[in-house]
J.: 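Just dropping this structure here.
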Amino acid sequence: MHLLNCNFDPVTYDDVFQRARQSLSDGKRGHFTTVNVAILMAMRTNPRLRRFIDQSLLTVADGQPIVWLSRLLGSSLPQRVTGVDLIEGLCRAAAETNSSVYFLGSKSEVVRQMVEQIRQQIPDLVVAGFHDGYFPDSDVANRVGEIRESGAALLFVGLGAPKQEAFIEDHWENLGVRLAIPIGGAFDMLTGEKKRAPIWMQTHGLEWLWRLKLEPKRLAGRYFSTGASFVFHAAIALWNCRFNSKLKTTI
Ligand code: UDP
């Protein structure tokens, strides 16, 4: 479904896991993307990010306001699908298809804890490797080489947008993985490094307020500009939708 400037796939978590099993076994190699409001707005001014998302095997809506807008526009997305809540299920899909996983991103102690946690949850999972996301440009080739040599089939990249998307795109041929997923700050949330918003805030589209409370200096500017921009573009889309349907009924 086309929403603002992005083609979203109307999928549930189970659909995503099913598609991952396909990609990891014999399906097409590529990447999935989880698009939140900030990324949706960044796509308007960042053609490279937009191209990366347009080329995704699967694009999911990682934002309650995006799901609400889809309903108001008349063809609803079934649910919000967050990167954080995808990790465990995708790792289970990897274990079921005998595929190994590589985790790249976040601080060293966070990614290490992430790996320990997931190994406890899924003892069958083969973790091909992991590395923190704070490496210099001069070390990029080593990171890419290590991922390739690890033989990982599934790669999570948590470097923040748009750095993580650029990493996957720039090195796609050399990474050798079957499926890659930019995951933002998901490792921080899963390990409790950053506390996640209560469920009621997540389902009421208020997660941004929670994160703003935790990191006001870093996020205030970002949320103000992306929030205002989303409301503006959503209002235009709604206006166009209502106007066009009125026009159709009067013709
Ligand atoms: N990060 C990283 N290397 C960098 C910059 C960021 O590994 O050079 C990590 C950071 O530790 C965090 C994630 O990337 O885990 C980005 O988090 P953020 O909350 O900005 O991402 P979002 O989920 O908002 O896209």
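In this chain, numbering begins with 1 at the start of the sequence shown. Counting starts at 1 for both ligands and their atoms, following the listed order.
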J.: Do Asp188 and Ser106 have a side chain donor and acceptor closer than 3.5 Å?
T.: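 The answer is yes; a qualifying pair exists.
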J.: Filter on ring pair (Phe, Tyr, Trp, His ring centres under 6.0 Å), then keep only pairs touching residues 73-116, sequence neighbours left out; what's left?
T.: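 For residues 73-116: Phe103-Phe156, Phe103-Phe187.
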J.: Listing request: all ring pair (Phe, Tyr, Trp, His ring centres under 6.0 Å) pairs with a residue in residues 20-63, at least two apart in sequence or in separate chains.
T.: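 Checked against ring pair (Phe, Tyr, Trp, His ring centres under 6.0 Å) - neighbours excluded - the pairs reaching residues 20-63 are His31-Phe52.
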J.: With a 4.0 Å heavy-atom cut-off, what residues sit around ligand 1?
T.: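 For ligand 1, the contacting residues are Gly105, Ser106, Gly133, Tyr134, Gly158, Leu159, Gly160, Lys163, Gly184, Gly185, Asp188, Arg211, Arg218, Arg222.
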J.: Whether Glu169 and Arg51 form a salt bridge (side-chain N of Lys/Arg under 4.0 Å from carboxylate O of Asp/Glu) is what I want to check.
T.: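 A salt bridge is present here (some side-chain N lies under 4.0 Å from a carboxylate O).
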J.: For the pair Phe135 and His131, name the ring-plane relationship: parallel under 30°, tilted 30 to 60°, perpendicular over 60°.
T.: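 Answer is perpendicular, since the angle exceeds 60°.
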J.: Under the 4.5 Å side-chain heavy-atom rule for ILVMFWY, direct or indirect, which residues accompany Leu214?
T.: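 Traced through the cluster, Leu214 reaches Trp200, Met201, Leu206, Trp208, Leu209, Trp210, Leu212, Leu219, Tyr223.
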